[in-house]
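Worth saying up front: this structure is predicted, and the values here are computed from it rather than measured. Residues: numbered from 1 along the sequence shown.
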Amino acid sequence: MAFAGTALPFDDIRELARSMPALDANAVAGVRQRDGQLTKPPGSLGRLETIVEWLAAVQATASPTVSRPLVAIFAGNHGVVARGVSPYPQEVTRQMLENFAAGGAAINQICSTFDIGLKVFDLALDIPTGDITCEAALDEKACAATMAFGMEAVSGGIDLLALGEMGIGNTTIAAAIYHALYGGEAAHWVGRGTGVDDAGLARKIAAVSAAVEFHRSHLKDPLEVLRRLGGREIAAMAGAILAARSQRVPVVLDGYVVCAAAAILHAMDPALLDHCVAGHVSAEGAHGDVLVRLGKKPLLDLNMRLGEASGAALAISLIKAALACHTGMATFAQAGVTDKA
């Protein structure tokens with residue numbers, strides 16, 4: 001996705017955000033017309049029916065598809081890890097990417113089971129972002145370029161995108177973004193991440209509080225929140241969400257960290273998330289609170305907090321089932337079943 005190259009890097013992002021296609025009401029009407037003819041009582045499949053309507057609205061067709069779903073995992077490292085916010089060292093991020101490549105992670109098993117493509121993006125893991133407690137994570141040019149890189153996840157003709165992340169320290173980053181956007185006490189937004197003890201949790205809370213206080217005078221603009229408090233994986237996922245909307249690709253959001261990218265866009269314009277569903281509600285931090293603020297009701301609640309798109313990928317199985325029911329079920333006329341009077 002090429003940009004025009006205006007004076008400031010974020011100008012192109014803002015222009016793209018203003019030019020998104022509308023959801024297609026005619027496609028939804030077509031889905032509802034067929035649904036009314038299927039061999040079932042009206043509304044009896046509940047959210048499975050509205051899932052198909054959502055797919056149709058985003059894809060702008062009464063015959064939506066989920067034939068080429070993709071999980072895209074973005075990985076980044078964070079300078080704030082030096083503050084003792086994680087029990088794991090940063091090299092674990094790269095080691096987990098090697099695990100993904102070898103097929104040994106949970107997400108590999110889920111994608112294999114449900115025939116979902118998987119791509120993993122290494123976002124300069126050897127160069128952690130700035131320590132957000134005392135400097136910006138990224139400058140504007142680097143942040144915009146990372147968003148543009150994330151847009152490449154939508155290439156290749158995919159028809160459904162699930163977003164995931166990997167990055168030691170990124171639950172701290174996500175908590176800082178939520179604290180900046182939504183206020184309240186820093187402790188409300190901070191969870192235990194990869195399993196910090198009480199002392200580690202206190203360090204996380206202190207880091208989030210210090211970061212927001214340090215950058216406070218610059219946090220009215222959501223894109224400034226992103227570049228100052230975010231990370232490369234957050235920026236790339238925000239870019240992927242924007243590109244997906246532009247190209248009419250439905251998006252399944254994963255958990256606590258992925259929704260930090262979504263929250264940035266929602267703060268710019270809530271309509272930027274109209275093509276997104278929440279795959280699940282995470283057990284991490286205040287993810288349930290975040291989903292309420294984003295206006296997203298999760299498809300699953302399995303007490304998961306792994307990340308790496310695991311919840312979103314499981315939700316794709318549900319989305320596939322919803323579409324299969326809609327397209328494969330016989331109508332009353334086809335089945336010779338008497339419809340209601």
Ignoring hydrogens and angles, tell me if any N or O in the side chain of [X] forms a donor-acceptor pair with the backbone of [Y] under 3.5 Å.
X    : Y    : answer
R248 : V58  : yes
D254 : A312 : yes
S112 : Q109 : no
H287 : S282 : yes
E140 : F10  : yes
T39  : A330 : yes
S209 : A206 : no
Q33  : A29  : no
R305 : A283 : no
E152 : F149 : no

May I ask you to test the [X]-[Y] pair for a side-chain heavy-atom distance under 4.5 Å?
X    : Y    : answer
L291 : V281 : yes
F121 : K119 : yes
L219 : E224 : no
R192 : T194 : no
P270 : R293 : no
I173 : L229 : no
T338 : F332 : no
Q59  : T65  : yes

Evaluation steps, side chain to side chain donor-acceptor pair (under 3.5 Å), between S67 and D159: CA-CA 7 Å; S67 58; D159 52 17; 3.0 Å; yes

Between [X] and [Y], which heavy-atom pair has the shortest distance, and what is it?
X    : Y    : answer
M96  : A105 : CE-CB, 4.3 Å
E233 : G76  : OE2-O, 3.8 Å
P64  : L55  : CB-CB, 3.8 Å
A313 : I110 : CB-CG2, 3.6 Å
N77  : L125 : ND2-O, 3.0 Å
R34  : H326 : NE-O, 2.8 Å

Treating Ile, Leu, Val, Met, Phe, Trp and Tyr as nodes and any side-chain heavy-atom pair under 4.5 angstrom as an edge, say whether [X] and [Y] lie in one connected cluster.
X    : Y    : answer
Y88  : V190 : no
V208 : F214 : no
V71  : F114 : yes
V249 : L242 : yes
V212 : I264 : yes

Please report the interatomic distance [atom1]([X]) to [atom2]([Y]), rounded to the nearest 0.5 Å.
X    : Y    : atom1 : atom2 : result
L38  : C325 : CG    : SG    : 9.0 Å
M147 : L223 : CE    : CG    : 5.5 Å
L272 : L265 : CG    : CG    : 5.5 Å
L163 : I73  : CG    : CD1   : 10.0 Å
L123 : T146 : CG    : OG1   : 7.0 Å
H179 : T172 : NE2   : OG1   : 13.0 Å

Using a distance-only test with no angle check, is there a side-chain donor-acceptor pair under 3.5 angstrom linking T171 and K204?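 K204 and T171 do have a side-chain donor-acceptor pair below 3.5 Å.
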
Just checking, any donor-acceptor pair under 3.5 angstrom between side chains of H78 and D131?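 Absent: no donor and acceptor within the cut-off.
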
Around N303, counting heavy atoms of other residues, nucleotides and ligands shown, do more than 12 lie under 6.0 Å from its CG?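 No - once you tally the heavy atoms of other residues, nucleotides and ligands closer than 6.0 Å, there are 12 at most.
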
Would you say E185 has more than 12 foreign heavy atoms packed within less than 6.0 Å of its CD?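 No.
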
Of V258, I319, L161, which is the lone residue that meets side-chain contact (heavy atoms from CB on, under 4.5 Å) with V252?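 Among V258, I319, L161, the one that satisfies the side-chain contact (heavy atoms from CB on, under 4.5 Å) with V252 is I319.
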
Do the rings of Y256 and Y178 sit parallel, tilted or perpendicular, given the 30° and 60° boundaries?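 Correct class here is perpendicular.
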
Taking the six-membered ring for Trp, are Y182 and W189 parallel (under 30°), tilted (30 to 60°) or perpendicular (over 60°)?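 Y182 and W189: tilted rings.
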
Presence of salt bridge, [Y] and [X], under 4.0 angstrom:
X    : Y    : value
K40  : D35  : yes
D11  : R14  : yes
E165 : R232 : no
R227 : D139 : no
E91  : R94  : no

